[in-house]
Amino acid sequence: MAADKHSPDDRLTESQRAAVDSLTQAPQYAGRSKLYVFAKLPMRQKATYFREHFLIPCIAAVIVIALCTFVIVRFVSPRERPALYAAVVDSTLPLGESTKLQEQYTKTLGKDVVIDDYFDTKKDGLSKLQTMISSEQIDVVIAPPQVFRELAGYGYFTNLKSTLPADEYGDLHAYVEDFHGFDDSALSDDVYDSGTGKGKAEPYGLRLDGAKRLHDFATDDAALIGVVANTKQTDNAQRFIEYLYR
């Protein structure tokens with residue numbers, strides 16, 4: 001029997017040969033960029049190609065741009081500082097009462113006010129207070145006598161006689177307390193030497209036993225209030241003190 005001289009291709013139908021040719025040819029867009037391929041694809045294929053090759057990178061790019069924009073906006077336009085920031089140390093105000101005082105004084109002043117009682121010196125309250133004072137975020141401090149004395153010794157408070165208006169200081173003079181401040185003029189080379197509490201005694205604090213309005217919120221009459229030395233909002237601090245004693 002004679003051998004079949006026809007090649008396998010001779011036995012394929014026309015459509016089968018076309019399929020074989022298609023498989024053996026190089027891809028139409030081999031070596032081209034995805035953007036080029038996307039541009040050349042028929043409209044009905046573009047959506048599928050976009051989902052497979054561009055969707056995830058586009059979403060990631062949008063997220064990165066949004067985050068960068070947020071950071072830039074926050075840096076260029078920082079959040080507006082409250083009209084008054086009062087630090088309440090070691091639960092001088094009972095739990096929840098600082099929020100009530102904050103709401104009441106905000107309504108009275110007509111501006112944003114923060115009465116922050118999250119300063120516990122048995123934990124990290126002192127370091128938080130020092131950090132915020134150094135960054136000029138706090139205007140007044142309310143604290144128990146021993147803590148107030150320590151803070152005054154660090155030089156954190158301003159002399160109330162020169163800070164408060166003369167008539168206000170005169171009205172409150174009966175509640176004034178003197179404390180030794182900070183003085184580093186005579187420091188030695190001793191690494192343990194410090195100017196803390198070595199300054200002359202000055203009127204840094206006001207006893208709150210005479211603060212009639214505070215009695216609606218607090219039970220610790222022995223606490224004191226002082227104006228932070230580096231505050232840029234002295235006027236608002238004065239108004240707050242006047243409000244408490246009114």
Side-chain angles (χ1 to χ4, degrees), residues 78-160 162-165 168-169 171-172 175-177 179 181 203-246:
R79 196 170 109 184
E80 186 177 352
R81 193 188 187 286
L84 180 87
Y85 199 113
V88 179
V89 183
D90 285 349
S91 302
T92 308
L93 289 173
L95 184 64
E97 295 302 299
S98 61
T99 301
K100 295 179 184 177
L101 176 59
Q102 174 178 302
E103 292 172 352
Q104 187 177 107
Y105 190 57
T106 296
K107 185 176 180 180
T108 300
L109 190 63
K111 298 178 181 178
D112 287 338
V113 172
V114 174
I115 312 293
D116 185 356
D117 61 357
Y118 288 98
F119 294 91
D120 185 348
T121 57
K122 295 181 179 62
K123 298 179 181 177
D124 61 348
L126 181 58
S127 60
K128 175 187 173 183
L129 186 70
Q130 291 174 316
T131 300
M132 294 184 69
I133 287 177
S134 65
S135 60
E136 301 179 356
Q137 296 182 57
I138 295 178
D139 304 304
V140 298
V141 173
I142 297 174
Q146 189 56 40
V147 176
F148 195 95
R149 183 180 304 278
E150 180 181 1
L151 297 175
Y154 293 143
Y156 288 156
F157 298 124
T158 184
N159 185 323
L160 293 175
S162 59
T163 300
L164 298 178
E168 185 178 354
Y169 182 80
D171 292 341
L172 300 176
Y175 306 107
V176 170
E177 287 282 340
F179 294 90
Y204 291 128
L206 286 168
R207 295 193 316 275
L208 289 170
D209 55 325
K212 300 176 183 178
R213 197 178 297 272
L214 192 68
H215 292 169
D216 296 337
F217 308 95
T219 56
D220 187 359
D221 289 342
L224 297 107
I225 186 171
V227 178
V228 176
N230 65 352
T231 178
K232 297 295 191 296
Q233 304 191 118
T234 303
D235 290 347
N236 289 339
Q238 293 169 356
R239 293 191 190 98
F240 182 60
I241 290 174
E242 182 182 8
Y243 172 81
L244 294 179
Y245 286 85
R246 188 183 305 163

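Only heavy atoms go into these numbers, but all of them, side chains included; no hydrogens, no water, no symmetry mates.
Asp117 has its side chain out of reach of Ser91: every pair of non-hydrogen atoms, C-beta onward, lies at least 4.5 Å apart. In this structure, the side chains of Leu206 and Leu244 stay at 4.5 Å or more apart for every pair of heavy atoms. Looking at Asp116 and Ser98, their side chains never come closer than 4.5 Å, going by heavy atoms from C-beta outward. Within the 4.5 Å cutoff, side-chain heavy atoms of Phe240 are placed close to those of Ile225. Side-chain contact between Leu129 and Leu151 is present, with heavy atoms from C-beta onward closer than 4.5 Å. Using a 4.5 Å heavy-atom threshold, the side chains of Tyr105 and Leu84 count as touching. Using a 4.5 Å heavy-atom cutoff, the side chains of Phe157 and Thr163 are not in contact. Proximity of Leu126 to Glu150: side-chain heavy atoms (C-beta onward) are separated by under 4.5 Å at one or more points.
Under a 3.5 Å cut-off, the side chain of Arg81 and the backbone N or O of Glu136 do form a donor-acceptor pair. Between the side chain of Arg149 and the backbone N or O of Phe179, no donor-acceptor pair lies under 3.5 Å. Gln233 places no side-chain N or O within donor-acceptor distance of the main-chain N or O of Tyr85, the cut-off being under 3.5 Å. With Ser135 contributing its side chain and Thr131 its backbone, the two residues share a donor-acceptor pair below 3.5 Å. Between the side chain of Asn230 and the backbone N or O of Ile133 there is at least one donor-acceptor pair closer than 3.5 Å. In this structure, His215 contributes its side chain and Gly210 its backbone to no donor-acceptor pair below 3.5 Å.
Residue Glu177 holds its CD atom at 5.0 Å from CZ of Arg207, rounded to the nearest 0.5 Å. To the nearest 0.5 Å, the span separating CG on Leu160 from CG on Leu172 amounts to 9.0 Å. Within the model, atoms OG1 of Thr99 and CD1 of Ile115 stand 9.5 Å from one another, a figure rounded to the nearest 0.5 Å. To the nearest 0.5 Å, atom CZ of residue Arg213 and atom OG1 of residue Thr108 are 6.5 Å apart. Annotation: the span from Asp90 atom CG to Lys123 atom NZ amounts to 11.0 Å, rounded to 0.5 Å. The CG atom of Leu101 lies 9.5 Å from the CG atom of Asp216; values are rounded to the nearest 0.5 Å.
If you run side-chain hydrogen bond (donor to acceptor under 3.5 Å, both in side chains) between Asp139 and each of Asn236, Thr234, Thr231, only Thr231 comes through.
Minimum heavy-atom separation, Ile138 to Val140: CG2-O, 3.4 Å. Of all heavy-atom pairs between Gly155 and Ala229, the closest is O-CB, 4.1 Å. Residues Ala223 and Ile142 come closest through the heavy atom pair CB-CG2, 4.4 Å. Leu164 and Gln238 make their closest contact through CD2-CG, 4.0 Å (heavy atoms, listed as atom of the first residue, atom of the second, distance). Contact between Leu224 and Pro145 at its shortest, heavy atoms only, is CD1-CA, 3.5 Å. Of all non-hydrogen atoms in Val88 and Leu93, the two that sit nearest each other are CG1-N, 3.7 Å.
Using a cutoff of 4.0 Å between basic side-chain nitrogens and carboxylate oxygens, Glu97 and Lys100 are scored as salt-bridged.
The local environment of CD in Gln130 is crowded, with over 12 non-hydrogen atoms from other residues, nucleotides or ligands closer than 6.0 Å.
Residues Phe148 and Tyr204 place their aromatic rings such that the two centres sit no closer than 6.0 Å.
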